[in-house]
Novice: 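This is the structure, below, for whatever I ask next.
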Number of protein chains: 2
Amino acid sequence: MKLSQGVEWCLHAVVLLGQLPQGTVLPRTLMAQHHGLPDDYLAKYLKQLVRAGVLMASTGPRGGYRLARPAERITAWEVIEAIEGGQSFFHCQEIRQCGTGAARPAECTEPCAIHQMMHSAFLTWKDQLSQTTVADLVQQVPEHVRERNRQGLLNA
Amino acid sequence: MKLSQGVEWCLHAVVLLGQLPQGTVLPRTLMAQHHGLPDDYLAKYLKQLVRAGVLMASTGPRGGYRLARPAERITAWEVIEAIEGGQSFFHCQEIRQCGTGAARPAECTEPCAIHQMMHSAFLTWKDQLSQTTVADLVQQVPEHVRERNRQGLLNA
DNA sequence: GCATGTCTACTCGGATAACGACTGTCCGAGTGCCCCTGG
DNA sequence: CCAGGGGCACTCGGACAGTCGTTATCCGAGTAGACATGC
């Protein structure tokens, strides 16, 4: 099992936007070149971020993507949710109710122990990612790198 | 992203073995019938549990699978690790070192913020599953269900 | 000089192939038990 | 009646197709700005 690489790309894209002055619009081409990513394929994922309300897109000259909200109010989980769908990666098939040892529906009023454990672990994972904002990630980028990125992107 | 269904099957299989007297050997056919699973396909996953040292297999008449250790000393994570590989589901591609905005290797002595966050969340997930043993899961199965399973499987 | 209309270049969005992993199935290898046979 | 050997049924293990999701790519729709033109 592995996450789509789009998760990494989108997180980097959002962090990149978070390094620029609030409201800055960045064309996809620049983003892709900055990280050495295929422009067309990156579009597939950024589109999903727009749908999820994380980014806003504008077309035409001087168009591009910008953060839909201040970086402090966008969590890493929102980005992952937009790409991966946000549902638990464990899907209980209720096999306890199948086969010769099937439990009766009356005995299955609540999820089985395995389901509960997996769901609990997933919530822990999700919660941890929900507590990290894009602003937190931006702050961990060294200042001189941020400055270099601003110079490279705003003057382009 | 989703976990292989083999994870669910194997967890149920291990919990089922944990309900029987210690050292009980159960043929795969019975296991599959008990949960209504395809026997041949289940083999694919149980094999991996044997390789990982979670189960022990014996062939021939009266053969089958049994727990390699007492249920108290087998964790849920071990089962998942045997099926899914145990590595983090986030693979950092170091795209910060690619493209026009590439960081120099000297600036990348430690993982990037995104990598650190994802890895930390993964460890939390993994640790939580490592703290749950098969015995814990067995105890959450209602006693009358356990008794019914014992009757159904040992007398077969 | 200014307003207006058109035209061009730029940007995002949706639709369409190629690849790989998970899913599903088959047959062969090995082993322990049972039964038959001979003493 | 007992010991030994052969046969058989049972079980796991590895190898081979099918299906779905991720990956990768292309082209079209729409828009904002710039330029030329007429007043």
Side-chain angles (χ1 to χ4, degrees), chain A residues 1-10 13 17 24-68 80 82-85 87 89-91 93 95 153 156, chain B residues 1-10 13 17 24-68 80 82-85 87 89-91 93 95 153 156:
Chain A
M1 174 190 67
K2 71 177 183 59
L3 286 166
S4 161
Q5 64 185 1
V7 168
E8 181 179 7
W9 295 2
C10 285
L17 282 171
T24 302
V25 173
L26 204 60
R28 192 206 304 150
T29 309
L30 268 184
M31 271 195 227
Q33 288 176 351
H34 186 84
H35 284 310
L37 303 177
D39 179 80
D40 287 337
Y41 189 17
L42 181 61
K44 191 183 186 70
Y45 292 117
L46 293 183
K47 180 183 9 174
Q48 296 183 253
L49 288 185
V50 172
R51 280 185 188 164
V54 174
L55 296 184
M56 297 192 64
S58 52
T59 64
R62 307 289 296 170
Y65 299 92
R66 65 181 178 86
L67 296 181
I80 298 173
I83 304 300
E84 293 288 339
Q87 52 198 350
F89 29 74
F90 179 82
H91 298 279
Q93 297 182 3
I95 66 177
L153 293 173
Chain B
M1 175 189 68
K2 71 176 182 59
L3 286 166
S4 160
Q5 64 185 1
V7 169
E8 181 178 8
W9 295 4
C10 285
L17 283 170
T24 302
V25 172
L26 204 60
R28 192 207 304 151
T29 310
L30 268 183
M31 271 195 227
Q33 287 176 350
H34 186 84
H35 284 311
L37 304 176
D39 179 81
D40 287 337
Y41 190 17
L42 181 61
K44 193 182 187 72
Y45 292 117
L46 292 183
K47 182 188 359 177
Q48 297 184 252
L49 289 185
V50 172
R51 280 186 188 164
V54 174
L55 296 184
M56 297 190 64
S58 52
T59 65
R62 307 290 295 168
Y65 298 92
R66 67 181 177 85
L67 296 181
I80 297 172
I83 304 301
E84 293 289 339
Q87 52 199 352
F89 28 74
F90 178 82
H91 300 279
Q93 297 181 5
I95 65 177
L153 293 173

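The basis for the numbers below is simple: all heavy atoms, side chains too, and nothing from hydrogens, waters or symmetry mates. Each chain gets a letter, A, B and so on, in the order the sequences are listed, and its residues count up from 1.
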Novice: Within the structure shown, what part of the strands sits under 4.0 Å from B:Ser58 by heavy-atom distance: base, sugar-phosphate, or nothing?
Specialist: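 Since only primed, P, OP1 and OP2 atoms lie under 4.0 Å of B:Ser58, the category is sugar-phosphate.
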Novice: For B:Tyr41 and for A:Gly63, find the nucleotide of DNA chain C with the closest heavy atom, then tell me which residue's nucleotide is more 5'.
Specialist: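 Result of the comparison: A:Gly63.
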Novice: Nearest of D:dC27, D:dA24, D:dG14 to any side-chain atom of B:Lys47?
Specialist: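 Of the candidates, D:dG14 comes closest.
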Novice: Can you tell me how far OG1 of B:Thr24 sits from CG of B:Leu67, rounded to the nearest 0.5 angstrom?
Specialist: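 Here the rounded value is 9.0 Å.
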Novice: Measuring from B:Gln5:CD to B:Glu8:CD, what's the distance to the nearest 0.5 Å?
Specialist: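 Separation between the atoms: 8.0 Å.
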Novice: Could you walk me through whether B:Asp39 and B:Arg28 pass side-chain contact (heavy atoms from CB on, under 4.5 Å), step by step?
Specialist: CA-CA 7 Å; B:Asp39 179 81; B:Arg28 192 207 304 151; 3.2 Å; yes
Novice: Round to the nearest Å and state the distance from B:Glu8 atom CD to C:dC22 atom P.
Specialist: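 Answer to the nearest Å: 17 Å.
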Novice: Which nucleotide in the set D:dG14, C:dG24, D:dT23 lies at the smallest distance from any side-chain heavy atom of B:Arg51?
Specialist: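 Nearest to the side-chain atoms of B:Arg51, counting from C-beta on, is D:dG14.
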Novice: Nearest-Å distance, CZ (A:Arg66) to P (C:dC12)?
Specialist: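 Computing the A:Arg66:CZ to C:dC12:P distance gives 13 Å.
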Novice: Where the side chain of B:Pro38 is concerned, which of D:dA24, C:dG13, C:dT25 is the nearest nucleotide?
Specialist: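 Of D:dA24, C:dG13, C:dT25, C:dT25 is nearest to the side chain of B:Pro38.
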Novice: Less than 4.0 angstrom between a side-chain N/O of B:Tyr45 and OP1 or OP2 of C:dT23, yes or no?
Specialist: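 The answer is yes; a side-chain N or O of B:Tyr45 sits under 4.0 Å from OP1 or OP2.
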Novice: Rounding to a whole Å, what distance do you find between A:Arg28:CZ and C:dG14:P?
Specialist: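 Roughly 11 Å, once rounded to whole Å.
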Novice: Look at the side chain of A:Ser4 and decide which nucleotide, out of D:dT23, D:dT25, C:dC26, has an atom nearest to it.
Specialist: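 The closest nucleotide is D:dT23.
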Novice: Side chain of A:Lys2: nearest nucleotide among C:dT23, C:dG13, D:dT23?
Specialist: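 Side chain of A:Lys2 sits closest to D:dT23.
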Novice: Could you tell me how far apart A:Tyr65 (OH) and C:dT11 (C1') are, to the nearest whole angstrom?
Specialist: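 It works out to 8 Å between those atoms.
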Novice: Between D:dC12, C:dC12, C:dT23, spot the one nearest the side chain of A:Thr59, thanks.
Specialist: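 Closest nucleotide to the A:Thr59 side chain: C:dC12.
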Novice: Distance check needed: C:dC10 C1' versus A:Leu26 CG, whole Å only.
Specialist: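 Interatomic distance, CG of A:Leu26 to C1' of C:dC10: 15 Å.
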Novice: Using a cut-off of 4.0 Å on non-hydrogen atoms, how would the nucleic acid contact of A:Pro27 be classed: base, sugar-phosphate, or nothing?
Specialist: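 It contacts sugar-phosphate atoms only.
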Novice: Between CG of A:Leu42 and SG of A:Cys10, what distance do you get to the nearest 0.5 Å?
Specialist: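 Rounded to the nearest 0.5 Å, the CG-SG separation comes to 6.5 Å.
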Novice: For D:dA24, take OP1 and OP2 only and decide whether either is under 4.0 Å from a side-chain N or O of A:Gln5.
Specialist: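 A:Gln5 to D:dA24 OP1/OP2: side-chain N or O found under 4.0 Å.
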Novice: What integer distance in Å separates A:Asp39:CG from D:dT25:P?
Specialist: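 About 11 Å, once rounded to whole Å.
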Novice: Expressed as a whole number of angstroms, how long is the span from B:Asp40:CG to C:dC26:C1'?
Specialist: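 Result: 7 Å.
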Novice: The side chain of A:Pro61 is closest to which nucleotide in this list: C:dT31, C:dC10, C:dT16?
Specialist: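 Selected nucleotide (nearest to the side chain): C:dC10.
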Novice: Which whole-number value in Å describes the distance from B:Gln87 CD to C:dA21 P?
Specialist: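 So the two atoms are 12 Å apart, to the nearest Å.
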Novice: From the options C:dC33, D:dG13, C:dT23, select the nucleotide whose nearest atom is closest to the side chain of B:Val50.
Specialist: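 From the listed options, D:dG13 comes nearest.
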Novice: Would you indicate what A:Met56 reaches in the nucleic acid, counting non-hydrogen atoms under 4.0 angstrom: base, sugar-phosphate, or nothing?
Specialist: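 Since no nucleic acid heavy atom lies under 4.0 Å of A:Met56, the category is nothing.
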Novice: Please lay out, stage by stage, how B:His35 and B:Met31 fare under the test side-chain contact (heavy atoms from CB on, under 4.5 Å).
Specialist: CA-CA 7 Å; B:His35 284 311; B:Met31 271 195 227; 6.0 Å; no
Novice: How many angstroms lie between CD in A:Glu84 and CZ in A:Phe89, if you round to the nearest 0.5 Å?
Specialist: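 If we round to the nearest 0.5 Å, A:Glu84:CD and A:Phe89:CZ are 9.5 Å apart.
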Novice: Checking all strands, does B:Ala57 fall into the base, sugar-phosphate, or nothing category for heavy-atom contacts under 4.0 angstrom?
Specialist: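 It contacts sugar-phosphate atoms only.
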